[in-house]
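Reading through the structure tokens given below for one structure.
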Amino acid sequence: MQSIIHLENISKSYYLGKEPLPVVKGINLDIFKNEYVALMGPSGSGKSTLMNILGCLDSPTSGRYILNGKDVSRMED
């Protein structure tokens with residue numbers, strides 16, 4: 001069975017000047033049809049950043065995001 005959402009080593013960093021600030025580091029995840037998933041963790045752990053990546057509102061700094069068989073890791077305008 002192929003996953004609907006497949007994350008492969010997803011990372012996201014923001015930059016403070018020239019210094020990278022890693023927010024999400026090396027996430028691997030598969031979500032299959034009819035699964036329910038909850039993202040849980042303490043404040044500042046990267047949940048909202050990961051949700052923005054999953055919703056295609058933001059792109060990961062590195063890694064691959066396959067959504068329903070299509071690579072959306074580097075979506076362009």
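Keep in mind that what you see is a predicted model, and the values were worked out from it rather than measured.
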Please list, one pair per line, the donor and acceptor atoms closer than 3.5 Å that link side chains of residues 33-46 to other protein atoms, with sequence neighbours excluded.
from : atom 1 : to  : atom 2 : distance (Å)
E35  : OE1    : F32 : N      : 2.8
S45  : OG     : P42 : O      : 2.8

Mind checking side-chain contact (heavy atoms from CB on, under 4.5 Å) for V72 and listing every partner two or more places apart, or none if nothing turns up? C56, Y65, L67, K70, M75
Qualifying residue for side chain to side chain contact (heavy atoms under 4.5 Å, CB included) with K12, from I27, N52, L21, T49: T49
Closest heavy-atom contact between S59 and I53? C-CG1, 4.4 Å
If you look at every heavy atom in G26 and S11, which pair is closest and at what distance? N-OG, 3.0 Å
Spacing of CG belonging to D58 relative to CE belonging to M51, to within rounding of 0.5 Å: 13.0 Å
Distance-only, no hydrogens or angles: does the D71 side chain make a donor-acceptor pair with backbone N or O of I66 under 3.5 Å? no
Distance from T61 atom OG1 to Y15 atom OH, nearest 0.5 Å? 6.0 Å
I need the L7 CG to N28 CG distance, nearest 0.5 Å. 8.0 Å
If you look at every heavy atom in S3 and H6, which pair is closest and at what distance? OG-CB, 3.5 Å
Measure across G63 and S73 and return the closest heavy-atom pair with its distance rounded to 0.1 Å. O-OG, 3.7 Å
